[in-house]
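First listed ligand is number 1; within each ligand, the first listed atom is number 1.
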Amino acid sequence: MNSRAETHVIEAEPLTASAFAPYGDVIETAGHEAVPMNQGWARRYHDLADVDVTDQQGRVQISLAHVQAEESPVALRLLERHPLGSQIFMPLSGHPFLVVVAGGREAPPRDALRAFVGGYGQGVNYHKGIWHHPMIALEADADFLIVDRQGPGANCEEIPIPDGPVEIHRAARP
Ligand SMILES: NC(=O)N[C@@H](O)C(=O)O
Ligand code: NI
């Protein structure tokens, strides 16, 4: 009798706006019209993410995080969500990163988890209440800009990985 649940393996998918739409926004220039600014010396890509942080007198907070790199396959540790606000992770380096998410209000079954590999120039905005794994840097330690909520109330719920161990595999790059 195998008393330990088998490891559930998830293949990471490329991060695209359409695939990630049920969980949040992808911050990137692809697919967006640029508008000229600064007398034509720059181009601006407007309004790329829904920053939703004002519930219960919340306000936006800007942070930086240094995240240690992890090797694939990545063993997941926990899930968390922020019921009072959205959360942006925008890499400040060019290295890939891994986001793991699940929809739904209750603790998701582990086969509802999805993993996405973000590339150069991409970031993510988790919508309010979306289950996610803490940010995972791939290939090299990386710095991220974080835009999320500061304010009263409990805004971080954590749960163990449901139903047993989960590993994220990153397909070999083409
Ligand atoms: N706690 C924190 O700032 N980060 C987490 O919420 C995370 O999603 O990595
Ligand atoms: Ni978070």
**Student:** Could you tell me if the side chain of Y126 sits less than 4.5 Å from the side chain of H82, heavy atoms only?
**Tutor:**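 The answer is no, as the side chains (C-beta and beyond) never meet within the 4.5 Å cut-off.
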
**Student:** What orientation do Y23 and F116 show, parallel under 30°, tilted 30 to 60°, or perpendicular over 60°?
**Tutor:**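 Geometry flag for F116 against Y23: tilted rings.
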
**Student:** Are any of the N/O atoms on I146, whether in the backbone or the side chain, positioned under 3.5 angstrom from an N/O atom of ligand 1?
**Tutor:**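 It does not: no N or O of I146 is found under 3.5 Å from an N or O of ligand 1.
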
**Student:** For atom 1 (N) of ligand 1, decide whether some protein heavy-atom distance is shorter than 4.0 Å.
**Tutor:**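 Given the 4.0 Å cut-off, atom 1 (N) of ligand 1 does not count as touching protein heavy atoms.
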
**Student:** Is there a donor-acceptor contact under 3.5 Å from the side chain of H132 to the main chain of I130?
**Tutor:**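 At least one qualifying donor-acceptor pair exists.
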
**Student:** Just jot down the ligand 1 atoms closer than 4.0 angstrom to any heavy atom of F89, in number order.
**Tutor:**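 What qualifies from ligand 1 is 4 (N), 7 (C), 8 (O), 9 (O).
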
**Student:** At the Ni ion (ligand 2), what is the angle formed between atom OE1 of Q87 and atom NE2 of H82, rounded to the nearest 10°?
**Tutor:**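 Seen from the Ni ion (ligand 2), OE1 and NE2 are separated by roughly 90°.
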
**Student:** Among protein heavy atoms, which lies nearest atom 7 (C) of ligand 1, and at what distance?
**Tutor:**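 Nearest neighbour among protein heavy atoms for atom 7 (C) of ligand 1, to 0.1 Å: E80 OE2, 3.2 Å.
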
**Student:** I'd like to know whether F89 forms a ring-ring contact (aromatic ring centres under 6.0 Å, His included) with F97, so could you lay out the CA-CA distance, the side-chain angles of the two residues, the decisive distance to 0.1 Å, and finally the verdict.
**Tutor:** CA-CA 10 Å; F89 276 84; F97 59 100; 8.8 Å; no

**Student:** Going by the atom numbers of ligand 1, which of them fall below 4.0 Å from some non-hydrogen atom of M135?
**Tutor:**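 The list of qualifying atoms is 9 (O).
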
**Student:** Purely on distance, is any nitrogen or oxygen of H132 under 3.5 Å from one on ligand 1?
**Tutor:**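 Yes, at least one N or O pair falls under 3.5 Å.
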
**Student:** Any nitrogen or oxygen of H82 lying under 3.5 Å from a nitrogen or oxygen in ligand 1? Just yes or no.
**Tutor:**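 Yes - when backbone and side-chain N and O of H82 are compared with those of ligand 1, one distance drops under 3.5 Å.
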
**Student:** Please assess Y45 against H32 for the test ring-ring contact (aromatic ring centres under 6.0 Å, His included), listing each intermediate value before the final yes or no.
**Tutor:** CA-CA 7 Å; Y45 296 82; H32 298 279; 7.4 Å; no

**Student:** Nearest 0.5 Å, what's the CZ-CD distance between R44 and E33?
**Tutor:**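 Here the interatomic distance stands at 15.0 Å.
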
**Student:** At the Ni ion (ligand 2), what angle lies between atom OE2 of E80 and atom NE2 of H132, rounded to 10 degrees?
**Tutor:**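 Rounding to the nearest 10 degrees gives 90°.
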
**Student:** For D50, does its backbone N or O pair with a side-chain atom of D25 as donor and acceptor, under 3.5 Å?
**Tutor:**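 Yes, because the side chain of D25 sits within donor-acceptor range (under 3.5 Å) of the backbone of D50.
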
**Student:** Students should be able to answer this: which protein heavy-atom is nearest to atom 3 (O) of ligand 1, and at what distance?
**Tutor:**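 The closest one turns out to be Q87 NE2, 3.8 Å.
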
